[in-house]
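Read through the structure below, which is laid out as structure tokens, and then see the notes.
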Amino acid sequence: MSNTNILQYFHLTFKNVVSQKQGQYSFDLYFVPCPVNQVISDYKAKGGKVTDLIEPVDGFHPSQIANALTAQYTWQFVQENIPELIGEENPNNADIINTFGDQGGY
């Protein structure tokens, strides 16, 4: 079985588990698809080389570029499809900024 087939199998399996088990626990289950294929196709369409998305040093793990793009796609998916996971903005943000200043997002 190829890696692509394994990924597709896991994708469908996890999606089915989430849909079948929803409501059976005291917490909610959500399925967030793996955006790796979208990341690759969009990166190539913008002129990037697929090899940029692979970490050459440690045996075929995603590079920092791939990790950043994966996070970006995942965050966008959650914002658009499961916004309740994000929650409300902290009402104390202004006080925090006044106390600690702008720390550049850290």
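All heavy atoms count here, side chains included; hydrogens, waters and symmetry mates do not. Numbering of residues begins at 1 and proceeds along the displayed sequence.
For Asn98, the side chain to side chain donor-acceptor pair (under 3.5 Å) test picks out no residue, with sequence neighbours left out. Here Glu80 pairs with Gln76 under the side chain to side chain donor-acceptor pair (under 3.5 Å) rule; sequence neighbours left out. Residues that satisfy the side chain to side chain donor-acceptor pair (under 3.5 Å) test with Asp95, not counting sequence neighbours, are absent from this structure. Partners of Asp52 under the side chain to side chain donor-acceptor pair (under 3.5 Å) rule, at least two apart in sequence or in another chain, are Tyr43.
Contacts classified as side-chain hydrogen bond (donor to acceptor under 3.5 Å, both in side chains) and involving residues 5-20 (residues at least two apart or in different chains) are given here: Ser2-Asn5.
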Phe31/Leu29 under side chain to side chain contact (heavy atoms under 4.5 Å, CB included): CA gap, chis, key distance, verdict | CA-CA 7 Å; Phe31 176 77; Leu29 297 172; over 6 Å; no

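Taking every heavy atom of both residues into account, Gln64 and Glu55 meet most closely at N-OE1, 4.5 Å.
The side-chain heavy atoms of Asn67 and Pro62, taken from C-beta on, include a pair separated by under 4.5 Å. Within the 4.5 Å cutoff, the side chain of Leu53 has heavy atoms near those of the Val39 side chain. Side-chain contact between Leu69 and Asp42: absent, with no pair of heavy atoms (C-beta onward) separated by less than 4.5 Å.
In this structure, the separation between CD1 on Ile96 and CD on Gln103 is 10.0 Å, given to the nearest 0.5 Å. Ile65 CD1 to Lys49 NZ: the interatomic distance, rounded to the nearest 0.5 Å, is 9.5 Å.
Hydrophobic clustering (side-chain heavy atoms under 4.5 Å, transitive across Ile, Leu, Val, Met, Phe, Trp, Tyr) keeps Phe10 apart from Val17.
More than 12 heavy atoms of other residues, nucleotides or ligands shown are found within 6.0 angstrom of CD on Glu84.
Annotation for Val32: hydrophobic cluster partners, listed by chain and number, are Tyr30, Trp75, Phe77, Val78, Ile82, Leu85, Ile86 (ILVMFWY side-chain heavy atoms under 4.5 Å, direct or chained).
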